[in-house]
Protein chains: 2
Amino acid sequence: MVSRKEVADRAGVSSAVVSYVLNDRKIVKEETRRKVLQAIEELGYQPNLLARSLKTKKTKQIAVLVNYLGNPFEAGILLHLEHELREHGYFVFFHTYRKEEEDQLKSVFMGRVDGILLLGQSLQASTVADFESREVPVVSVMQPGQAGSRIAYRDLDWEAELLKLIRHLQEQGHTRIGFMSGEIASASHYEVRFEGFLRALAAAGLTWHPEDQLDGGGRFEDAERALGVRLAAGKAPFTALVGANDLMAAGCLSACRGAGVRVPEELAVAGCENILMSAQTDPPLTTLHYPRQPMATEAVGLLLAMIDGVQADMKALDGELIVRGSTVRIHG
Amino acid sequence: MVSRKEVADRAGVSSAVVSYVLNDRKIVKEETRRKVLQAIEELGYQPNLLARSLKTKKTKQIAVLVNYLGNPFEAGILLHLEHELREHGYFVFFHTYRKEEEDQLKSVFMGRVDGILLLGQSLQASTVADFESREVPVVSVMQPGQAGSRIAYRDLDWEAELLKLIRHLQEQGHTRIGFMSGEIASASHYEVRFEGFLRALAAAGLTWHPEDQLDGGGRFEDAERALGVRLAAGKAPFTALVGANDLMAAGCLSACRGAGVRVPEELAVAGCENILMSAQTDPPLTTLHYPRQPMATEAVGLLLAMIDGVQADMKALDGELIVRGSTVRIHG
DNA sequence: TTGTAAGCGTTATCAT
DNA sequence: ATGATAACGCTTACAA
């Protein structure tokens, strides 16, 4: 690999001058500057970013930890995160990991990134503390579950949003509503939605029956299976079911179809997020729209502020209820 | 940041010994080994990977360049790529970029990765040549279009696969079949599918009408709009339409619904890839299944071999035709 | 305006 | 079995 020294030799200057040129210091005489640039060109020289970062302690890299790339909702947020960060001169990369590999993260990211964005992942408090003690700020795009309660985040106010949905279901005559969350055991952002749901349910004056909670694992297939098992065992005790995300809600639709349960007549189904697929299902899915782009902008703004040493503050974004055929009978 | 030197001091040894311990050299006396490990523990020391890579010239990192994360098909492949690479001790990260930013890639990746995987991206020949001259092998998961013809890849044999689909459509009585590709102008992997389609069409004895090609931009929304415009302008001249991917085919279904065109009676629609959504659309989508996991395994194997200096070879994988309601009338 | 040289945190060679 | 020490490619005082 061609290094700074070779460029310097060819240009007939010292290696420092090459650095000056590369870092756009105005002090270099125009003529030498040209000589250096020409040498760089001729040799096809590329600065070694590892070496640079080692020296400057700045990588201009941000890691985005993703839970499940197969969820198109999260993929959509990624797009916006990346765009936003690029605008600020950062290089973004995505990474997924499993709980068991969490400790590897510390060693893998240490020194390699200026900050970390969490997307549907929740790190252990100790891991976050570790990063922060090493000046690597961590921001979560959605509120992590209990385990990650110390992490700065941006999210919707789920109680308020789900209340909109519950009110809508009430208007349709439903009084008993079930909820499908994802991976109940592992504190995830679905847990936050579930808790918001419980508070909203109480606010709407409805009672919660613990047996109305289903575990859809966050994914289409798991959700389909989970509801399928319930339906096979007899009629569901609830008349409406809310999925913590659209992917699971869509899985529920599929389960209903499989079990011969008519939607929305026998069971109303709704989701959260409003993914592309939701308008295409049969029937189309009623859902809470999650504003991806504003969310990404907010989260990135927060992270960059923290990199600059600013304290994190609180702020909730607004969602929107989108009513479709999975909760209301379409006439005609 | 706590460094090797501090660990050495606390353990009462030299920094070299710390390296020996960290790199699991058997030569260290058990007692000193323990002292060093304890010092590491107490100080919460993490090796600086930048420094290590700078010295060893190995990063154990692989970059995956992604075209469009919003496509669940590509997201699914990513999952498998990551799993596969992790098994081999590599750290994977994903990155997306636009054509205009291609030259930035060289500087950004140079020295930071041991290899590059392309997923639906096609780099300019010069960029690839540049990486390879610097010993950074590049492998594409799907065959890139013309522009990237020098890149090693793994893909389906599209002519063979699409012939299965065309035969199926012929059995349903279709003789004129349209094709929707994505971003015709920019040589992408969709171009490869289109060319395969043309060859398959000829092999099936059907004639191709250039006006039967649509540009669906690779995405659901663009596809919906493209076919929508056609249908608004009058009846399509073809009775069956094949999308270069399922996302576009699903967009076509939506366009048909919007235009009051019955599927499959008035227009049969089929896609490629078999994404999750395809079984959920109304009607469900006939498609060519793309085996993601075997694909990922193959591509990773090829890349790792090239990192080890082995020459790339050729090999095509097998897909599978999945017939659903968008091409055949379901009875009952 | 340019050159010298120290240092970033490692690994690896060579002594000891 | 362990310790000095020279790289790796870069930035940056400081000196010239």
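Chain naming here is simple, since letters A, B, ... match the order of the sequence lines and numbering starts at 1 in each. Bear in mind that the values here come from a model prediction, so they are computed numbers and not experimental data.
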Separation of C:dT11 P from B:D24 CG (nearest whole Å): 12 Å
task: Answer yes when A:K57 and A:E135 have at least one side-chain N-carboxylate O distance shorter than 4.0 Å, and no when they do not.
output: no
task: Check whether any side-chain nitrogen or oxygen of B:T32 sits under 4.0 Å from OP1 or OP2 of D:dT2, and answer yes or no.
output: yes
field: Integer-rounded Å distance: C:dC8 P and A:L50 CG
entry: 18 Å
- prompt: To the side chain of B:I27, which of C:dG9, C:dT4, D:dT2 is closest?
  reply: D:dT2
message: So, does A:N23 get its side chain near the phosphate of D:dT11, meaning an N or O under 4.0 Å from OP1 or OP2?
response: yes
message: I want to verify a distance call: between D:dG9, D:dA4, C:dT10, whose nearest atom is closest to the B:Y45 side chain?
response: C:dT10
Salt bridge flag under 4.0 Å for residues B:R34 and B:E30: yes
task: Nearest 0.5 Å please: distance from the CG atom of A:L118 over to the CD1 atom of A:I151.
output: 5.0 Å
query: Between atom NZ in B:K35 and atom C1' in D:dA1, what is the gap in whole Å?
result: 12 Å
D:dG3 base / B:Y20 side chain donor-acceptor hit below 3.5 Å: yes
query: Sub-3.5 Å donor-acceptor pair from the side chain of B:E42 to the main-chain atoms of B:A39, do we have one?
result: no
query: Between atom CZ in B:R112 and atom C1' in D:dG9, what is the gap in whole Å?
result: 14 Å
task: Give a yes or no on whether a donor-acceptor pair under 3.5 Å exists between the nucleobase atoms of D:dT2, that is its base, and the side chain of B:R25.
output: no
- prompt: Do A:R112 and B:F91 meet the cation-pi criteria used here (NZ or CZ under 6.0 Å from the six-membered ring centre, within 45° of the axis)?
  reply: yes
query: Tell me, which of residues 52-62 of chain A have any heavy atom that sits under 4.0 Å from an atom in DNA chain C?
result: A:L54, A:K55, A:K57
- prompt: Within this structure, what is the CG-to-P distance between B:N48 and C:dT11, rounded to whole angstrom?
  reply: 10 Å
task: Using a 4.0 Å heavy-atom cut-off across all strands, classify A:S19 as base, sugar-phosphate, or nothing.
output: base
query: In whole angstrom, what separates B:K5's NZ from D:dG3's P?
result: 10 Å
query: Got a sec, which residues hit salt bridge (charged side-chain N to carboxylate O under 4.0 Å, His left out) with B:D114, two or more places apart in sequence or on another chain?
result: none
- request: Classify the nucleic acid contact of A:E30 as base, sugar-phosphate or nothing, counting any heavy atom under 4.0 Å across all strands shown.
  value: nothing
message: Could you tell me how far apart B:K26 (NZ) and D:dT2 (C1') are, to the nearest whole angstrom?
response: 18 Å
field: B:D308 side-chain N/O to B:V310 backbone N/O, donor-acceptor pair under 3.5 Å
entry: no
- prompt: Checking only heavy atoms, does the side chain of B:R4 share a donor-acceptor pair with the base of C:dT11 at less than 3.5 Å?
  reply: yes
message: Whole angstroms only, please: what is the CZ-P distance between B:R34 and D:dA1?
response: 15 Å
